[in-house]
Amino acid sequence: MRLSRLLFVTLREDPADAEVRSHALMARAGFIHKLAAGIYVYGPMMWRVLRRIENIVRDEHDAAGCHEMLMPALQPRELWEESGRWERYVKDGILFNFRDRKGSQMCLGPTHEEVITTFVKRQVQSYKQLPVTLYQIQTKFRDEIRPRFGLMRGKEFIMKDAYSFDVSEEKMAESYALMRTVYRNVFTRCGLRFTPVQADSGAIGGCGSEEFMVDAETGEDGIAVCRASGYAANLEKAVSVIPAGAQPSVEVAMHKEPTPGAKSCEALLKLFPELPMTRLLKTLLYKVTYADVDAGESEGIVAVMCRGDREINETKLSNYLNALALDLASEEQVKAATAAEVGYAGPIGLAKHVRLLADSSVEGVKGFLCGGNETDMHYLDVYFGRDLEQPETADFGTVQAGDTVVDGDGKIEITRGIEVGHIFQLGTKYSEAMQATFSDENQKTQVMWMGCYGIGVSRVAASAIEQNHDEGGMIWPLPIAPYAVHLVQMKAGNEEQDALAQEIHDKLEASGVDVLWDERKKVNPGAKFKDADLVGIPLRIVVGRDAGERKIEWSVRTDTATKESLDANQAMERAIRLVQESGR
RNA sequence: CGGGGCGUGGCUCAGCCUGGUAGAGUGCUGCGUUCGGGACGCAGAGGCCGGAGGUUCAAAUCCUCUCGCCCCGACCA
């Protein structure tokens with residue numbers, strides 16, 4: 001492609017509204033253009049990248065026996081009533097929904113379990129038709145609370161979603177395992193460094209699930225990993241062995257002490273410097289909204305205890321309570337529950353309507369300090385079993401760096417990642433709700449077992465840049481780069497250079513290597529190099545002063561400082577070989 | 001939703017406090033010189049200052065409302 005014929009506009013400075021590098025660089029290079037918050041135009045260069053990623057996705061899915069299809073983005077409310085998700089998704093606000101001219105309620109699909117299940121239940125009648133895994137690559141719509149970071153979290157984004165249907169739980173697990181391999185292959189081929197982690201299954205529902213995290217400091221997700229055991233889990237899900245804290249040397253009776261103004265663990269430690277943080281138990285109050293099958297929904301107040309040096313994990317708590325929504329209690333609710341100002345909540349003497357729970361970090365803690373449910377008062381030297389019953393206890397805590405893994409004696413580290421893929425074993429949640437059944441060998445009606453599998457295609461592109469860039473610009477992995485070769489012609493109009501560049505361009509294209517040929521006139525060499533660095537095409541061939549001897553300068557985007565003088569034929573052979581090796 | 005910040009040629013910003021002829025850099029157009037890491041000269045085009053109302057002889061500037069965008073927080077007591 002001749003660059004002068006492409007709509008090629010680059011900016012010298014970062015757009016003011018771009019925060020992360022991937023966003024700023026793609027915007028500067030004209031790959032994307034923001035239309036509104038979380039809504040982007042994909043320019044021609046970006047589209048080439050996205051198509052590359054899509055084709056890798058297709059290739060791997062097709063190789064695993066999946067079938068591509070396409071479902072409507074526009075969906076009727078009734079479908080979502082069948083699965084029972086309409087209310088929750090509307091309440092969350094995530095669902096773009098509206099009425100058509102007849103007044104029927106519709107939504108723009110944030111995901112497609114309902115549609116696929118409806119389709120498959122019509123198509124599949126017999127066990128002989130199973131297993132089957134279908135997928136599509138399509139734009140998804142989600143009214144995110146806070147779209148941000150360019151393509152990382154948009155209201156509209158490109159997703160590959162796949163759905164497997166099996167005759168049994170065991171077969172579902174097999175389909176799931178196969179898909180896990182597909183995912184590893186896809187992300188490896190995209191040139192990403194990633195970590196598969198155990199994950200919470202969230203609003204989609206179901207049992208086991210794993211996320212594929214691109215290793216990046218700018219990631220929105222925290223991950224707990226252990227190098228020794230290979231354990232890796234999203235912080236929302238991760239479990240660990242909590243290090244024990246110091247014990248008191250002598251046992252004394254519980255007593256209530258004035259603690260004026262001490263509303264935080266830090267403030268309390270100043271008042272009682274001899275106490276370790278592990279002997280402070282904090283009590284957090286939450287407002288919980290329950291999904292009540294009969295009564296619609298109901299609210300309640302839950303108090304959760306946790307050791308002073310630990311944090312409550314709201315995802316775990318919410319799952320345990322089977323809550324529709326979980327929020328910290330308001331000041332008024334705290335006052336009603338504790339008869340005190342905010343900051344003095346404790347397990348003793350809570351209002352009757354409060355349900356008391358404890359995180360497992362409180363287990364074995366003796367002689368602890370806790371809130372007095374009275375302003376400016378705390379209890380000291382409290383013992384479970386002696387002064388009060390230990391409340392209903394479960395794991396509601398967030399894993400911390402330095403904790404011991406549950407499957408060995410390795411230590412946990414916390415890293416960050418960008419979620420580019422998520423695979424679920426759904427079980428029968430949707431097939432049961434929507435009656436997706438089949439006849440087995442014995443003519444018995446059985447419910448299908450489902451799995452679902454998503455890849456954020458546009459997010460893959462953004463995370464590739466988040467992971468691969470430098471001062472000068474983007475560095476695309478060869479398999480997903482917009483072009484394989486950037487052919488930089490120093491002086492357009494020079495006969496020798498024109499001839500050699502044209503030859504290289506034509507021969508490479510004929511060999512299946514796509515070339516972006518910068519043959520702009522009146523653009524100085526420096527500007528061409530800056531542009532080449534910015535767009536980040538991995539292989540570079542510079543046609544310049546030695547064109548007469550068929551000599552070019554070869555370099556790669558990962559190391560533009562190292563330049564090699566090569567014969568043109570040699571360079572073309574090398575480019576062709578590298579492209580073939582990359583599986584592009 | 002709550003809090004903070006910002007809307008001025010395509011892009012990055014100044015001007016606003018203290019009201020009085022709308023600016024710079026970059027980009028764009030033309031001509032000439034230059035030509036291996038964002039060259040230079042000359043000549044140009046391009047903005048009802050996000051929108052609406054108000055105050056005033058006069059508003060980018062002051063006041064009110066509104067829309068949009070960005071960041072932080074989702075109150076860890």
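Here the structure is a predicted model, which means the values were calculated and not measured. To find a chain, count down the sequence lines: A is the first, B the second, and so on, and within it residues start at 1.
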Query raised in the report: Which value, in whole Å, describes the distance between the P atoms of nucleotides U61(B) and U18(B)?
Result: 14 Å
Report task. Give one of base, sugar-phosphate or nothing for Asp531(A), where a contact means two heavy atoms less than 4.0 Å apart. Result -> base
Report summary line: Among C71(B), C35(B), G37(B), the one nearest any side-chain atom of Arg148(A) is C71(B)
Query raised in the report: Applying side-chain hydrogen bond (donor to acceptor under 3.5 Å, both in side chains), which residue pairs with at least one partner in residues 355-366 of chain A are found, sequence neighbours left out?
Result: Arg355(A)-Glu392(A), Asp359(A)-Ser361(A)
Query raised in the report: Can you check the Lys528(A) NZ to G37(B) P distance for me, whole Å?
Result: 13 Å
Query raised in the report: Does the gap between the ring centers of Phe31(A) and Tyr42(A) come in under 6.0 Å?
Result: no
Query - Integer angstrom distance from the P of A58(B) to that of A14(B) - result: 29 Å
**Report entry** Ionic contact status for Arg279(A) with Asp381(A), cut-off 4.0 Å
**Finding:** yes
Query raised in the report: So what does Ser330(A) touch, heavy atoms closer than 4.0 Å: a base, only the sugar-phosphate, or nothing?
Result: nothing
Requested in this report: Name the closest nucleotide to the Phe529(A) side chain, picking from G37(B), G38(B), C35(B).
Outcome: G37(B)
Query - Options C76(B), U34(B), C70(B), nucleotide nearest the side-chain atoms of Glu314(A) - result: C76(B)
Query - Centroid separation Phe157(A) to Phe141(A) less than 6.0 Å - result: no
Requested in this report: Starting from the 5' end of RNA chain B, give me the residue, Ala36(A) or Glu331(A), whose nearest nucleotide shows up first.
Outcome: Ala36(A)
**Report entry** Separation of C35(B) C1' from Glu495(A) CD (nearest whole Å)
**Finding:** 18 Å
Query - Complement of C57(B), any strand, by Watson-Crick or G-U distances under 3.5 angstrom - result: G20(B)
Query raised in the report: How would you label the contact of Asp17(A) with the nucleic acid (heavy atoms, under 4.0 Å): base, sugar-phosphate, or nothing?
Result: sugar-phosphate
Protein-nucleic acid N or O pairs under 3.5 Å, nucleotides 1-3 of chain B:
none

Please write out the pairs of protein N or O atoms and N or O atoms of nucleotides 4-10 of chain B separated by less than 3.5 Å, giving the distance to one decimal.
none

Query raised in the report: Is Lys411(A) salt-bridged to Asp403(A), cutoff N-O under 4.0 Å?
Result: no
Query - Complementary nucleotide for C42(B) - Watson-Crick or wobble, under 3.5 Å - result: G30(B)
Query - Rounded C1' spacing from C13(B) to G7(B) in Å - result: 12 Å
Report summary line: To the nearest angstrom, the CZ-P distance between Arg153(A) and C71(B) comes to 12 Å
**Report entry** Distance, rounded to the nearest Å, where Leu534(A) contributes CG and C11(B) contributes C1'
**Finding:** 14 Å
Query - Watson-Crick or G-U wobble partner of C65(B), both distances under 3.5 Å - result: G51(B)
Query raised in the report: Taking the C1' atom of each, how far is G30(B) from A45(B), in whole Å?
Result: 10 Å
Query - Closest nucleotide among G37(B), C70(B), U12(B) to the Ala37(A) side chain - result: C70(B)
Query - Test: Arg48(A) cationic atom under 6.0 Å from Tyr483(A) six-membered ring centre, within 45° of axis - result: yes
Requested in this report: Could you check whether Ala345(A) gets within reach of a base, just the sugar-phosphate, or nothing at all, counting any heavy atom under 4.0 Å?
Outcome: nothing
Query raised in the report: Hey, does Lys563(A) reach any base, or is it just sugar-phosphate, or nothing, if we go heavy atoms under 4.0 Å?
Result: base
What N/O pairs connect the protein and nucleotides 22-27 of chain B at under 3.5 Å? Give each pair on its own line.
{"residue": "U26(B)", "atom": "O3'", "partner": "Arg12(A)", "partner atom": "NE", "Å": "3.3"}
{"residue": "G27(B)", "atom": "OP1", "partner": "Arg12(A)", "partner atom": "NH2", "Å": "3.0"}

Query - Counterpart base for G9(B), defined by Watson-Crick or G-U wobble contacts under 3.5 Å - result: none
Requested in this report: Determine the interatomic distance between C1' on G32(B) and the same-named atom on A22(B); round to the nearest Å.
Outcome: 32 Å
**Report entry** Distance-only polar pair, side chains of Gln489(A) and Asp498(A), donor-acceptor under 3.5 Å
**Finding:** yes
**Report entry** Glu144(A)/Lys155(A) ion pair, N-O < 4.0 Å
**Finding:** no
Report task. Pick base, sugar-phosphate or nothing for Arg540(A), based on heavy-atom distances below 4.0 Å to the nucleic acid. Result -> base
**Report entry** Identified salt bridge (charged side-chain N to carboxylate O under 4.0 Å, His left out) counterpart of Glu564(A) within the set Lys551(A), Arg540(A), Arg574(A)
**Finding:** Arg574(A)
Query raised in the report: Mapping Gly343(A) and Pro525(A) to their closest nucleotides on RNA chain B, which lands nearer the 5' end?
Result: Pro525(A)
Query raised in the report: Mind checking the C1' distance from G27(B) to G68(B)? Whole angstroms is fine.
Result: 25 Å
Query raised in the report: Are the aromatic ring centres of Tyr379(A) and His255(A) under 6.0 angstrom apart?
Result: no
Query - Nearest-Å distance once atom P is located in both G23(B) and C49(B) - result: 14 Å
Query raised in the report: Is the phosphate of G68(B), meaning OP1 or OP2, less than 4.0 Å from a side-chain N or O of Lys34(A)?
Result: no
Query raised in the report: With sequence neighbours excluded, what pairs up with Asn373(A) under the side chain to side chain donor-acceptor pair (under 3.5 Å) test?
Result: none
Query raised in the report: Which whole number of Å gives the distance between the P atom of G9(B) and that of A52(B)?
Result: 16 Å
Requested in this report: Give the nucleotide from the list C71(B), C35(B), G38(B) with an atom nearest to the side chain of Ala527(A).
Outcome: G38(B)
Requested in this report: Report the base-pairing partner of A74(B) (Watson-Crick or G-U wobble, both distances below 3.5 angstrom), or none.
Outcome: none
Query raised in the report: Does Glu220(A) have any salt bridge (Lys or Arg N to Asp or Glu O under 4.0 Å) partners at least two apart in sequence or in another chain, and if so, which?
Result: Arg148(A), Arg153(A)
Query - Closest non-hydrogen atom pair between Asp470(A) and Gly472(A), with its separation - result: OD1-N, 2.9 Å
Query - d(CG, Asp14(A); P, C70(B)) in whole Å - result: 15 Å
Query raised in the report: Between Glu156(A) and Thr139(A), do the side chains contain an N or O donor and an N or O acceptor separated by less than 3.5 Å?
Result: no
